[in-house]
Amino acid sequence: MGFDIVGVGASCVDQVCRLPVFPEAGGPRAKVRVQEQSRTCGGQIATALATCASLGLRAAYLGTVGDDDDGRRIRGELESRGIDLGHVEIGLAATATATILLDATGDRIVLWHRDPALCYPPDRLPAGVIAASRVLHVDDVDVPAAIEAARIARAHGIPVTCDIDHVTPGTRDLLQLVSHPVFAESVPAQLTGEPEPERALRALRRVHPGPLVVTVGEKGAIALEGDTLLAAPGFPVTVVDSTGAGDVFRGGYIFGIVNGWSLERQLWFANAAAAVSCTKAGAMGGVPALAEVEALLALRS
């Protein structure tokens, strides 16, 4: 039996630093005392897969970690969540890390490092695993592997979702292979030159025929299905930590694809999942259970 979701891309260990305010160079905020700090597991693909697993999907991770304590920590965390690691690569570089600064509102600044040596070798991708999955999820961190994995999936008629939060030289090539793109708020404008999200999505429609989704933070998400614009507002919650909320959104969105839901229902569910994640600390620490998401959705009706 194949997996419901196979993910190709980033995992990391997050050093989370909680601050009263964000620092500002050259002024009274040039030095800010850290109120609290912790180390947790995260990363775009790893957190999305953790969400899928928490919601009840069978998940497999195709990524590279270092042969170090952080790499072992990530593998242990994913394995404890029931995610298959049979094709994880062990690289010769240190495991990717991110330093995440949180202010009193829960907003964040992310400083990340990932050695290029951690890229997953495209020729080592397990084509059979990808071909037997129900959905493939890729990111814009490991683009050559993402493109090759997407080619395999599309050749077998498998939906491909993505997490694109910045534009790279390979972004446009990757988008040609993604059937269900999900963009961070700033990306459609970068790709089209249109600053307004709806106009940017309509410009992207000229080169991409499938559903187009953009997350817009606490405002929720908007999507273009055919020529119809859909808007799903966010859920008001008390934000503890927004780290990983976009990754959790994508996990919820994938859950909807696997279950054959309408795009509108997928957006509402994904928004609720992301909102629940913001009420908890950490990327994977914020991953919601299905009952938590359903409870928040029930408040809408």
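Owing to the predicted nature of the structure, the values given are computational and were not obtained by experimental measurement.
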query = In Å and rounded to the nearest 0.5 Å, what is the CG to CG distance from D4 to L49?
reply = 11.5 Å

query = Can you check side chain to side chain contact (heavy atoms under 4.5 Å, CB included) on I5 and R134, steps first, answer last?
reply = CA-CA 6 Å; I5 174 67; R134 299 177 69 183; over 6 Å; no

request  = Enter the distance from T64:OG1 to D115:CG here, rounded to the nearest 0.5 Å.
outcome  = 11.0 Å

key: Within one Ile-Leu-Val-Met-Phe-Trp-Tyr cluster: V240 and L102, side-chain cutoff 4.5 Å   = no

query = Residues in ring-ring contact (aromatic ring centres under 6.0 Å, His included) with F235, at least two apart?
reply = W268

message = Given 3.5 Å as the limit, does a donor-acceptor pair link the side chain of T215 with the main chain of G217, or not?
response = no

task = Side-chain contact test, heavy atoms from C-beta onward, threshold under 4.5 Å: evaluate it for I147 versus L177 and give yes or no.
result = yes

Pairs involving residues 158-191, ordered by first then second residue, that meet ring-ring contact (aromatic ring centres under 6.0 Å, His included) (sequence neighbours left out) = none

message = Has H208 got a side-chain atom pairing as donor or acceptor with G210's backbone, closer than 3.5 angstrom?
response = yes

task = Using the side chain to side chain donor-acceptor pair (under 3.5 Å) rule, take T97 and H113 through it: C-alpha gap first, then chi angles, then the decisive distance, then the call.
result = CA-CA 6 Å; T97 59; H113 173 71; over 6 Å; no

Which residues share a ring-ring contact (aromatic ring centres under 6.0 Å, His included) with W261, sequence neighbours left out = F255, F269

Nearest heavy-atom neighbours spanning D140 and D165 = OD2-N, 2.8 Å

inquiry  = Using side-chain heavy atoms (C-beta onward) and a distance below 4.5 Å, is C17 in contact with I100?
reply    = no

inquiry  = If you apply the rule side chain to side chain contact (heavy atoms under 4.5 Å, CB included), what do you find for L62 with V88, and how did you get there?
reply    = CA-CA 5 Å; L62 309 181; V88 166; over 6 Å; no

task = Determine whether R18 and D241 make a side-chain contact, defined as any pair of heavy atoms from C-beta on separated by less than 4.5 Å.
result = yes

remark   = Heavy-atom nearest pair, L175 first then P181, reads CD2-CB, 3.9 Å

ask   = Quick one: does T238's side chain get under 4.5 Å of T279's, heavy atoms only?
value = no

message = If the threshold is 4.0 Å, N to carboxylate O, is there a salt bridge linking R108 and D103?
response = no

query = Between the side chain of D68 and the main-chain N/O of G71, is any donor-acceptor distance below 3.5 Å?
reply = yes

query = Residues two or more places apart in sequence or in another chain: which of them pass side chain to side chain contact (heavy atoms under 4.5 Å, CB included) with E24?
reply = R29

query = Taking a hydrophobic cluster as the set of Ile, Leu, Val, Met, Phe, Trp and Tyr residues connected by side-chain heavy atoms closer than 4.5 Å, whether directly or through intermediates, do L263 and I257 fall within one such cluster?
reply = yes

For the student: nearest non-hydrogen atoms of V178 and C162, plus distance = CG1-SG, 3.7 Å

Sequence neighbours excluded - salt bridge (charged side-chain N to carboxylate O under 4.0 Å, His left out) pairs with any residue from residues 256-277 = none

task = Compare every heavy atom of V8 with every heavy atom of A145, then report the nearest pair and how far apart it is.
result = CB-CG1, 4.0 Å

ask   = Cut-off 3.5 Å, side chains only: do S11 and Y61 have a donor facing an acceptor?
value = yes

message = Consider side chain to side chain contact (heavy atoms under 4.5 Å, CB included). Of V34, T99, T40, which one does V16 pass it with?
response = T40

Side chain E196, main chain E198, donor-acceptor under 3.5 Å = yes

ask   = Is the side chain of R205 donor-acceptor paired with the backbone N or O of L224 at a distance under 3.5 Å, no angle test?
value = yes

key: Check ion pair E77-R81 (N to O, under 4.0 angstrom)   = yes

inquiry  = Using side-chain heavy atoms (C-beta onward) and a distance below 4.5 Å, is K31 in contact with P23?
reply    = no

query = Hey, are D70 and R39 close enough for a salt bridge, meaning a charged N less than 4.0 Å from a carboxylate O?
reply = yes

message = When you measure from the side chain of S54 to the backbone of P288, do you find a donor-acceptor pair of N or O atoms at a distance under 3.5 Å?
response = yes

Student check: side-chain heavy atoms of T105 and V239 closer than 4.5 Å = no

ask   = Are K280 and E292 close enough for a salt bridge, meaning some N to O gap below 4.0 Å?
value = yes

ask   = Which residues pass the side chain to side chain contact (heavy atoms under 4.5 Å, CB included) test with A132, sequence neighbours left out?
value = none

task = Look at the side chain of T51 and the backbone N and O of G251, then say whether any donor-acceptor pair between them is shorter than 3.5 Å.
result = no

query = Just one of V138, D139, T168, V160 clears the side chain to side chain contact (heavy atoms under 4.5 Å, CB included) bar with L174, so which one?
reply = V138

Within-4.5 Å side-chain heavy-atom neighbours: I164 and T171 = yes

query = Do you know which two heavy atoms are closest between S179 and P211, and how far apart they sit?
reply = O-CD, 3.7 Å

inquiry  = If we count only N and O atoms by modelled type, under 3.5 Å, do the side chains of Q266 and S262 hold a donor and an acceptor together?
reply    = no

D67 side chain vs I90 backbone, donor-acceptor pair below 3.5 Å = no

key: D142/R114 ion pair, N-O < 4.0 Å   = yes

request  = Report yes or no: does T47 contribute a side-chain atom to a donor-acceptor pair with the main-chain N or O of Q44 at less than 3.5 Å?
outcome  = no

inquiry  = Test your reading of the model: is there a side-chain donor-acceptor pair from S277 to the backbone of A274, 3.5 Å cut-off?
reply    = yes

